[in-house]
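Written out below as structure tokens is the structure these notes cover.
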Amino acid sequence: MSQYAIMVDLERCIGCKSCEASCKLENGVPEGRYRTKVIWINPRNDKRLSFMSMPCMHCENPACRASCPAGAIYKRPEDGLVLIDKNKCIGCRYCSWACPYGAMGFDAEKMVADKCTYCAHRLARGEQPACVAKCPGHALHFGRKGELLAKASFEKRKQRDVNIGKAGPSTFYLERLKP
Amino acid sequence: MSEMKLSRRSFLKAAGAAAAVIGAASTAKGAGDPKAHKPYTDEGTAPVPEKVITAGCPWCQTGCSMKVHVQGGRIVNIHGNPDDPVTNGRLCPKGQNSVNMLYNKYRLKAPLKRVGPRGKPESYQEISWEQALTEIAEKLKTVKEKYGPEAFAWWVAGRSESQARAGLTGTFQKLYGTPHREGTGPFCNLAGTSASNSILGHNNPPWIYTRDDFGGADWYMFVGSNMAACKPVMFGAVNDERVKRKAKIIVVDPRMTETASRADVWLPVKPSTDMALALSMMHHIIEKNLQNNDFISRKVLGFDKLKAFLLEKKYTPEWAEKMTGIPAKTIKELAEEYAKTEKAIIMGNAGLSHHTNGHLTHRAFFMLAAITGHFGKPSMGYGCGNTGATPMGSISVPAEKEVKPKKQRLGRSPIAWVEPMITGKPYPIKAFMACANPLVQWGDIQRIIAALDNLDVSVYYNMFPSIETLYFDYVLPVSPWAESGGVAPVSDERRNVFVPQIIQPLHQAKPERWIFIELGKKMGWGDIFKDEYKDPVKLQKAMAKKTGFSPERFFAKKDSSLRGPLPSPDAPEIGTLYTEQHGVPGKKGQFPRPSGKIEIWTENLEKAYKVQGLSPLPEFYVDPEIGMKDSLPYLEYLDDDSSEGVTSQMKGIVAVGTMRALRVKIKYPDKPELSGFDMYLTSGRPSAAHFGDGSHWVWNLNEQMPDQYCMVHPEKALELGISNGDKVKIEGVKGYIYAKAWVYEGIRKDTIFVPNTYSEKQPFTQWRSLNFIVDKNKRCPVSDQINYKALICRITKA
């Protein structure tokens, strides 16, 4: 398996929330619900204003999968995407509780769990996730994780440690150049 | 996926590309009814589109080329255009949400007539287009007979498609004979436009937003410009380059904006004092002899006058520290860095323009760039965003049919029409047509509502039932953008992108083009407002004439864009302006002022400014409320909007025809004249999601920044017992508003920030607009722009 990932560059993100908007248009996500969300981290103690775009982390050991009593969440062997089999989902929301990143949403109309798929339907057509394709800041990058890490080290960028427990997130963040 | 390319061949073959597109759209079942279409596949994702059509974005002045995805006669998604060299295929939240702007349950659906008192929805009755336009035409004719053609005023605003907005309304104006037609410039960046005209001889900034021009500088200073929120796609590319090449960014702004969050240096300037920064940087540069003498001797007029003026006034960095709050040491460092860095850009925007000193502040920054030789090559210079278009042709009016106004135009800003509407002085304005949002955007909203009561006829045309639809006599539903086709609003780097008509108008809405042609016919001008011009491609062909803006040239390009000026059919598109090679195409000289040089000071300029009590050399003053509170120099107005004033001598700078201007005097108070207000109030764009009132009607945009907020420093919040999310009352000199507190360290302790564009009549949240506390009479005497951005106030927990 060669894991797919999104690299989020915290220095390049300009906080415009284009990723939120494009995700909603691409995936029919309605008002008040999110598959990816940008949070604004207010300036504090002389640190500057920062933004954080938060899609699904597509973890190595997904807590959502471990928590699912119906076996509806699986990790796709060929690319490591964490996906939901909506036919198996029983709508218990254990996965929403389990995900340490708050990435698991819930479709109250269909009563099933709902989250970012890295736009799996677009990947199948050889396209990039919608949020990455449209990102004005060139802050979101998609690809095989190894290639993205090489890109980051070419720019001598530090990664932010966002691992929680044994999750092993695939989405990763490049630290700001200075606080 | 089959790409529908509107090549020149297909254009000629199909007898109009628009016809081909409309044909494709109308074959779909139930075209026109959004409910008849499914925008998503059974899996819930956007479908693979049948067609992808290239079109310009209708929102801001970035002018992005977009790829519109069409499926079953419905627009299902919008992506960026990878063939666009400015955007590289990127898109901000607004452009792509044009989908939700069109398919929107709040849209105005039919023409309405007011049959009861203003302010009540039940006062409005649906009528036919025929009745609406017949009645409006009759009333316009009567106003002309009774009061003369000058009594009709038309605010064409800025965000509708350019053929109708800039072209057809101009034709209508010439035939009617009124001097009062204006775009959105006086509420946007006319201060920057007029300053650029006055010193460089042309309105646009020197750069274009490609990576080898704007993106290629080593040093940037953004002054009163939150480019990250206002032009996300362009700033995204600049920031990408900054990270790659370690370019330096300095942001001068009272609050830490999105732009400042990416900067190496954030300088929280006191509102209204940016001019002092430019003056003192020049003072230091001259004192250290760092000016570019070679450039000055060849290309600049009036340097010696400027030097003597700065020294006489003692505009030193130490003085500027007292005005701006920026340490003198920092100002000196900035000045030296700037003078020594060749590829250095300073960008101003509405943060400088929305003040009574807007024009002269921009002039001061232009001078700073001029004396350091920062013009003539890519990746340098000073410029202001959103400073207007280059000529794109128009429909000819035979000389014998053109009616020349006999009375002088009343000021440059439409806000100058309000008092004559009420007082009838110096002469009455009795008919008013408007789009956009005068009751959200203009200052002093109470007074505008009062003015509407005194009119014989008022007509409002727009997409959404905004607050204006409760006050105007007639309300007309407009079909925007892909329903209409035409040319998208110009970008501030002079780019125009063509929009084919992609879908049929929804409901009973009509394109502005259709409305103006039908109204023109009813006015008796059917020989000029021809039915064939309802087709955007045919109209473009007729308008382009001797310019290069022909439909064929638009369609020949993969991004359907053309960058002006294109003074002849085969004129090449030019990138950087004011170079020795190009100057400004169609105009004389590298800097198209009468002298061909950058004009800091000339005798003619001195005469033109003196008529109004000013000088082309920027003498420092602040906005009136700030001046009265802190006993700093501010403007006293010797004329008002009901007076004859003087005739502006600012031809080619800001005057349109014979135009009234107001006289002023700089007052130097010796003690504070206003008390009881302890805070400064500044304003601006809420976030990248918003643009005017329109974005508040689009759920996917509004939810990104739903509430009118008040950024307040934690120390002040603690003092007042205000927590994050509390409702606060903000009282200004003119009135009060409410907002939601956002306790935020990135703002001056003495300043709050409240964003504009909110209103009491928006569908998701309702907030009394900021402009209730703006004084419409406190305006820049040159650009006529209102001071929105430096008020005084006090806040309390509501």
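Reminder, nothing fancy here: chain letters follow the sequence lines and each chain counts from 1.
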Measuring heavy-atom distances to chain A, does B:T257 have an atom under 4.5 Å in its side chain, in its backbone, in both, or in neither?
backbone
Donor-acceptor pair, B:R262 side chain versus A:C13 backbone, under 3.5 Å?
yes
Using a 6.0 Å cut-off, check whether atom CZ of A:R44 has over 12 heavy atoms from anything other than its own residue.
no
Residues A:K17 and B:E258 bridged, charged N to O under 4.0 Å:
no
So with a 6.0 Å cut-off around OH of A:Y94, is the heavy-atom count from everything else above 12?
no
Against chain A, work out which of B:C92, B:S687, B:A260 has the most heavy-atom pairs shorter than 4.5 Å and name it.
B:C92
Separation of B:W266 CH2 from A:L49 CG (nearest 0.5 Å)
10.0 Å
What are the two closest non-hydrogen atoms of B:M256 and A:P43, and how far apart are they?
SD-CB, 4.1 Å
May I ask you to check whether over 12 heavy atoms, not counting those of A:E31, lie within 6.0 Å of atom CD?
yes
Is B:K94 in contact with chain A via its backbone, its side chain, both, or neither, using a 4.5 Å heavy-atom distance?
neither
Most contacts with chain B, counted as non-hydrogen pairs under 4.5 angstrom, among A:D9, A:V38, A:N45:
A:N45
Measure the CG-OG1 distance between A:L25 and B:T45 for me, rounded to the nearest 0.5 Å.
12.5 Å
Mind checking whether B:L91 and A:S22 have side chains closer than 4.5 Å, heavy atoms only?
no
Can you tell me which portion of A:F154 sits under 4.5 Å from chain B's heavy atoms? Options are side chain, backbone, both or neither.
neither
Checking B:A228 against chain A: side chain, backbone, both or neither under 4.5 Å from a heavy atom?
both
Whether A:K47 and B:E745 form a salt bridge (side-chain N of Lys/Arg under 4.0 Å from carboxylate O of Asp/Glu) is what I want to check.
no
Part of B:L701 within contact of chain A (heavy atom distance under 4.5 Å)
neither
Taking heavy atoms only and a threshold strictly under 4.5 Å, list by residue number the residues of residues 128-142 of chain A that touch chain B; give 'none' if the list is empty.
A:V132, A:A133, A:K134, A:C135, A:P136, A:G137, A:H138
Looking at A:C16 and B:P232, what are the two nearest heavy atoms and their distance?
CB-CB, 4.0 Å
Only pairs of heavy atoms separated by less than 4.5 Å count here; which of A:R176, A:K178, A:E155 has the most with chain B?
A:R176
Does atom NZ of B:K244 have more than 12 heavy-atom neighbours from other groups under 6.0 Å away?
yes
So for B:V743, is it side chain, backbone, both, or neither that comes closer than 4.5 Å to the heavy atoms of chain A?
backbone
Is B:N239 reaching over with its side chain to a backbone N or O of A:E11, donor-acceptor style, under 3.5 angstrom?
yes
Using heavy-atom distances under 4.5 Å, tell me whether A:L10 contacts chain B through its side chain, its backbone, both, or neither.
backbone
Would you mind checking which part of B:N77 comes under 4.5 Å of any heavy atom in chain A, side chain (CB onward), backbone (N, CA, C, O), both or neither?
side chain
Rounded to the nearest 0.5 Å, how far apart are CE of B:M227 and CD1 of A:I14?
9.5 Å
Measure the shortest side-chain to side-chain distance between B:H79 and A:E26 over non-hydrogen atoms and say whether it is less than 4.5 angstrom.
yes
Rounded to the nearest 0.5 Å, what separation is found between the OG atom of B:S261 and the CG atom of A:N42?
11.5 Å
Just how far is it from atom CG of B:N700 to atom SG of A:C23, taken to the nearest 0.5 Å?
9.5 Å
With a 4.5 angstrom heavy-atom cut-off, could you sort out which part of B:W742 is near chain A: side chain, backbone, both or neither?
side chain
Working to the nearest 0.5 Å, report the span between NZ of A:K24 and CH2 of B:W699.
5.0 Å
Kindly determine whether B:Q704 and A:E20 satisfy side-chain contact (heavy atoms from CB on, under 4.5 Å), including the steps that lead there.
CA-CA 9 Å; B:Q704 295 196 354; A:E20 270 185 37; 3.9 Å; yes
Are more than 12 heavy atoms from other residues, nucleotides or ligands located less than 6.0 Å from atom NZ of B:K740?
no
Need one label for B:V233: side chain, backbone, both or neither, based on atoms under 4.5 Å from any heavy atom in chain A.
both
Answer yes or no: is there a donor N or O on one side and an acceptor on the other, between the side chain of A:R48 and the main chain of B:G746, under 3.5 Å?
no
Part of B:N702 lying under 4.5 Å from any heavy atom of chain A:
neither
